[in-house]
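Beneath this line is the structure, given in structure tokens, with notes to follow.
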Amino acid sequence: MELKQELQLNTRFEQQAPEGTISETGINKIQDYIQEQNLADEMWQGQKPQDGAGYLRPLPYDWDWVWKVEGNADYVGTFPKRASKYYYKQWEIKLPTAFVASLGNLAREHSEDHAFYRFDFVNEFEWQDGDFGDEGSCFWGENSRARVLLKENGAYAMRFYDEVGDGMARAWVAQLADERLIVFNGYGFGGNPTLKIAQVLARFTGQQYRRIYLRNQGTEEGTLWVNGGVGYLLGSDEQIKDMDDYEFGWGTPDDF
């Protein structure tokens, strides 16, 4: 396949988010509201998860934070409809009508009609710790050798900017020989920043994305530290449908 857009270096791009994208503030408010629920309260009478917990778990790490999902995803429809289906399928909890309405109101209130992402791609990784929402990253500390591994193996950084041009987020992007891409170690966005950046890049390149287990030299905890051992593989449906993990194989034993 050919990428819809090339990863041209040192060029600022803009992309409009799909209508109905839920903002970072909205994501945080929704997750906070969910975790505030006490299943002993009258509204939740009779609703207990399978394991008997007295609280409601947040929506999952890779939840699709848009108002409406269409197509063949596991959870389709409007945000409150998808949330209701998720909690019943996963935990056999029927969400109270008032709670579903509040979720819907929060999602609608924080759905963006004209959100833009501003980003570039670079293969020089010399910014300062924290310049792109990545303060405390070990790649600027004890694992600084990892930036050399990234460069030696043709990886990029995808960096995001706010409306005044200040850095706000970033992730690493590895490009494989067949034009598949792997996104990992995202910082700067709320919720799941790696997923958010993978979604933006997938729209930009015209690809699909899939969560995978990611490691280097057999581990996610070496010099090329992979946050949570998780990355997102981008490619065509055919290229990614059967892949659950990937091994980089970068560096030598001396690097670990």
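The analysis underlying the following values was restricted to heavy atoms, covering all of them including side chains, and did not include hydrogens, waters or symmetry mates.
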For [X] and [Y], which heavy atoms make the closest approach, and how far apart are they?
X      : Y      : value
Val100 : Pro80  : CG1-CB, 3.6 Å
Ala169 : Gly188 : CB-CA, 3.9 Å
Gly186 : Pro193 : O-CG, 3.4 Å
Val76  : Glu70  : CG1-C, 4.3 Å
Gly249 : Asn216 : N-OD1, 3.0 Å
Ile22  : Lys196 : O-NZ, 4.1 Å

Any sub-3.5 Å donor-acceptor pair from [X]'s side-chain atoms to [Y]'s backbone N or O?
X      : Y      : result
Asn153 : Ala155 : no
Tyr75  : Ser84  : no
Gln15  : Arg118 : no

Lys81: partners by side chain to side chain contact (heavy atoms under 4.5 Å, CB included), with sequence neighbours left out:
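So Lys81 forms a side chain to side chain contact (heavy atoms under 4.5 Å, CB included) with Thr78.
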Got a sec, which residues hit side chain to side chain contact (heavy atoms under 4.5 Å, CB included) with Ala157, two or more places apart in sequence or on another chain?
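Ala157 satisfies side chain to side chain contact (heavy atoms under 4.5 Å, CB included) with Val122, Phe125, Trp127, Arg159, Trp172 only.
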Side chain to side chain contact (heavy atoms under 4.5 Å, CB included) evaluation trace for Phe121 with Gln8
CA-CA 7 Å; Phe121 303 96; Gln8 185 175 344; over 6 Å; no
Should the heavy atoms of other residues, nucleotides or ligands under 6.0 Å from [atom1] of [X] be counted, would the total exceed 12?
X      : atom1 : answer
Gln128 : CD    : no
Glu135 : CD    : no
Glu36  : CD    : yes

side-chain hydrogen bond (donor to acceptor under 3.5 Å, both in side chains), that's the test. Do Gln199 and Tyr209 meet it? Break it down for me.
CA-CA 7 Å; Gln199 290 171 332; Tyr209 61 89; 3.0 Å; yes
Measure the spacing between [atom1] of [X] and [atom2] of [Y] and express it to the nearest 0.5 Å.
X      : Y      : atom1 : atom2 : result
Gln239 : Glu179 : CD    : CD    : 8.0 Å
Leu181 : Ile240 : CG    : CD1   : 11.0 Å
Met43  : Leu95  : CE    : CG    : 9.0 Å
Asn143 : Leu224 : CG    : CG    : 8.5 Å
Gln35  : Ile30  : CD    : CD1   : 12.0 Å
Arg108 : Leu103 : CZ    : CG    : 14.0 Å

Would you please indicate if the ring centroids of Tyr117 and Phe204 are separated by under 6.0 Å?
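Distance test on ring centres: not under 6.0 Å, no.
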Ring centers of Tyr187, Phe189 separated by less than 6.0 Å:
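For Tyr187 and Phe189, the ring centres are not under 6.0 Å apart.
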[X] vs [Y] side-chain heavy atoms within contact, under 4.5 Å:
X      : Y      : result
Leu201 : Met158 : yes
Glu126 : Arg147 : yes
Tyr88  : Ile93  : no
Phe79  : Ser111 : no
Glu124 : Lys151 : yes

I need the single residue from Asp242, Asp244, Asp237 that forms a salt bridge (charged side-chain N to carboxylate O under 4.0 Å, His left out) with Arg210. Which is it?
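Per the salt bridge (charged side-chain N to carboxylate O under 4.0 Å, His left out) rule, the option paired with Arg210 is Asp244, out of Asp242, Asp244, Asp237.
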Inter- and intrachain pairs under ring-ring contact (aromatic ring centres under 6.0 Å, His included), touching residues 224-247, at least two apart:
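Listed once each, the pairs are Tyr246-Phe248.
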Reference residue Arg170; test side chain to side chain donor-acceptor pair (under 3.5 Å); the match among Asp134, Asn185, Asp131:
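Exactly one candidate clears the test, Asp134.
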Same hydrophobic cluster for [X] and [Y], using side-chain heavy-atom links shorter than 4.5 Å among ILVMFWY?
X      : Y      : value
Val66  : Leu195 : no
Val183 : Tyr213 : no
Val200 : Val69  : no
Met243 : Phe184 : yes
Leu9   : Phe13  : yes

Glu152 and Trp250 side chains, donor-acceptor separation under 3.5 Å:
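The criterion, which ignores hydrogens and geometry beyond distance, is not satisfied for Glu152 and Trp250.
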Examine the side chains of Glu238 and Ser236 and answer whether a donor and an acceptor come within less than 3.5 Å of each other.
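Judged by distance alone, the side chains do not pair up.
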From the options Tyr161, Phe160, Phe119, select the one residue that forms a ring pair (Phe, Tyr, Trp, His ring centres under 6.0 Å) with Phe132.
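Filter result, single survivor: Tyr161.
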How far apart are the C-alpha atoms of Phe99 and Leu56, what are their side-chain angles, what is the distance that settles it, and do they pass the side chain to side chain contact (heavy atoms under 4.5 Å, CB included) test?
CA-CA 12 Å; Phe99 177 76; Leu56 200 62; 3.7 Å; yes
Verdict with supporting geometry, Gln207 and Thr205, side-chain hydrogen bond (donor to acceptor under 3.5 Å, both in side chains):
CA-CA 6 Å; Gln207 296 175 310; Thr205 59; 2.9 Å; yes
On the six-membered ring of Trp67, is Arg82 placed so that its NZ or CZ lies under 6.0 angstrom from the centre and within 45° of the ring axis?
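Not satisfied by the 6.0 Å and 45° rule.
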In this structure, which one of Ile182, Val230, Asn227 forms a side chain to side chain contact (heavy atoms under 4.5 Å, CB included) with Leu214?
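Only one of Ile182, Val230, Asn227 forms a side chain to side chain contact (heavy atoms under 4.5 Å, CB included) with Leu214, namely Ile182.
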Check against salt bridge (charged side-chain N to carboxylate O under 4.0 Å, His left out), Glu220 and Arg215
CA-CA 5 Å; Glu220 66 269 24; Arg215 58 195 180 276; over 6 Å; no
Give the intermediate values and the outcome of side chain to side chain contact (heavy atoms under 4.5 Å, CB included) for residues Lys241 and Gln208.
CA-CA 10 Å; Lys241 67 178 183 179; Gln208 304 299 313; over 6 Å; no
Evaluate the criterion side chain to side chain contact (heavy atoms under 4.5 Å, CB included) for residue pair Tyr55 and Asn38; output intermediate values, then yes/no.
CA-CA 5 Å; Tyr55 57 90; Asn38 181 350; over 6 Å; no
